[in-house]
Amino acid sequence: MKKNIRRAAVLLLSLIILTVPAFGLVNGIFLGSDTNGVNILNDRLRPGDEYWFPVLVAVNGAPPTQLTSEDLTRCILTARAVRGGTAIESVTVEEKLGLVYLRLLAGKEGTVQEHAATLRLNYQTRDRQDNVTVLPALKVGYNAMPDERLALLDPGEFLAVDAAAPIISTGQWDSLSRLNEHRSVTLHGDDWRFTVGTAGLGKRNLTYSHRPVEALVEQFPDRQLHFLSFPGEPDFALRGNLVLDVSQFAAAYNHDFYLYRCAYSKMYPLSFDYDRDAGELSFRPSQLSTYLITDRGISLRDNLPVTADDPAAAVNSRHLAADDAPVPMPMMNPNTGHRAGGLMAWLASLASVAGLGLLTASKRRP
């Protein structure tokens, strides 16, 4: 049924577009939904995520079809950010399996605010007979945790952090504090939990991932590396208790762990307690950051793998002194409202039914 509605909407769109004055062969340019159903006009893009939006063109009044690699031999397609560029890590035109996509990596990872950006997508035939520019507007940001999640909690119950909605507001922190009679609250993800006081906290972003730090993976290909990253680096002002579940790889590490905090282009060795029976590491930070767990220490002198003969080698992090020096990290990559009105707004709403993004275009002849 949905497929029939979508086909009918695309067909109706093509008929409507024919009533708009045409200045060449191309009647409209569209960005289709990505493989996860994300629509660039209707949906908020998640920071740090990569999207592949199909590029579709309606030619001579026909329904929109996706550009192919063969089409690019007869046209030039370019894309760049023209506003709010920091909300976009990168945007490129890519080919995959003979089809053309707009590949976009959303930036502003860790932010608590929503950010707007505008792209400039230009389509031009190589014979310069047709030239179309579209300016799709998009939003980048995280979803807020719904209040209904708190309503279902009992006093003392752990609050699961949802990666799809990791923003927790000031009012929600206060509600958590009152629910627990102003005692510490425990937040948890799939392999971590953090117990901390929440009274008086402002908005915080609890998004987390296990995405590797590529620079470290490349520098240490012969060792086991496990990452836990909190891109928002939420600061709780007071120390809490962070517990990391390492039971899944404890045997592979021979129950010997080295823990580092990755921040400010350095690696700070951390001391911790290890509960062998539970398979858990625990330590007491006040701010959540990016952490690396490895099976061998890293030299504090030259950032090289530790050997038994290295006099400057790091001892097991459980026994590090508080004044141990940080380790320099290899060079790392930084983490990183245009609206149609009237007829075009109505067309855009119809395009959303078809799973397409209708883009307002400016068109010029050479």
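Panel note: side chain R120, backbone T133; no donor-acceptor pair is recorded below 3.5 Å. Within the 3.5 Å criterion, the main-chain N or O of R46 finds a donor-acceptor partner in the side chain of Y51. Looking at T125, its side chain does come within 3.5 Å of a backbone N or O of D130 through a donor-acceptor pair. Judged purely by atom type and a 3.5 angstrom limit, R223 uses its side chain to pair as donor or acceptor with the backbone of G297. A donor-acceptor pair under 3.5 Å is formed between the side chain of N205 and the backbone N or O of T207. In terms of modelled atom types and a separation under 3.5 Å, the side chain of N180 and the main chain of G156 share a donor-acceptor contact. Side-chain atoms of S177 do not come within 3.5 Å of backbone N or O of W173 as any donor-acceptor pair.
Taking 4.5 Å as the limit, some side-chain heavy atom of R149 sits within range of a side-chain heavy atom of D162. Side-chain contact between V93 and V55 is absent, with no heavy atoms from C-beta onward closer than 4.5 Å. Within the 4.5 Å cutoff, the side chain of D71 has no heavy atoms near those of the V57 side chain. Considering only heavy atoms from C-beta on, L242 comes within 4.5 Å of Y291 through its side chain. Side-chain atoms of V161 and F194, non-hydrogen and from C-beta on, never get closer than 4.5 Å to each other. Using a 4.5 Å cut-off on side-chain heavy atoms (C-beta onward), L77 and L102 make no contact. Residues Q172 and D147 have side chains in contact (heavy-atom distance under 4.5 Å, counting atoms from C-beta outward).
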Do any side-chain atoms of residues 231-241 form donor-acceptor pairs under 3.5 angstrom with protein atoms, and if so which ones, sequence neighbours left out?
| residue | atom | partner | partner atom | Å |
| --- | --- | --- | --- | --- |
| D235 | OD1 | A237 | N | 2.9 |
| R239 | NH1 | R284 | O | 2.5 |

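Between L281 and the options I293, V243, D273, a side-chain contact (heavy atoms from CB on, under 4.5 Å) holds for only I293.
Note on ring orientation: taking the six-membered ring where Trp is involved, the planes of F257 and F272 are perpendicular (angle over 60°, cut-offs 30° and 60°). By the 30° and 60° cut-offs, the orientation of the rings of F230 relative to Y208 is tilted. Between F158 and H188, the ring-plane angle classifies as tilted under the 30° and 60° cut-offs.
The ring pair (Phe, Tyr, Trp, His ring centres under 6.0 Å) pairs that include a residue from residues 61-118 are W52-Y101, where partners are two or more places apart or lie in different chains.
In terms of heavy-atom proximity, M267 sits nearest to Y260 at CE-CG, 3.9 Å.
Q113 and T111 are not linked by any side-chain donor-acceptor pair at a separation below 3.5 angstrom, with hydrogens and angles left out of the test. For the residue pair D295/N254, the side-chain donor-acceptor check at 3.5 Å is not satisfied.
Between D222 and R296 there is a salt bridge, since at least one side-chain N of the basic residue sits less than 4.0 Å from a carboxylate O of the acidic one.
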- Message: Applying side chain to side chain contact (heavy atoms under 4.5 Å, CB included) to L153 and L176, what does each step give before you reach the verdict?
- Response: CA-CA 9 Å; L153 283 181; L176 276 172; 3.8 Å; yes
- Carefully, step by step, assess L179 and L150 under the rule side chain to side chain contact (heavy atoms under 4.5 Å, CB included). CA-CA 9 Å; L179 177 67; L150 295 182; over 6 Å; no
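Note that CZ of R261 is 13.5 Å distant from CG of L292, once rounded to the nearest 0.5 Å.
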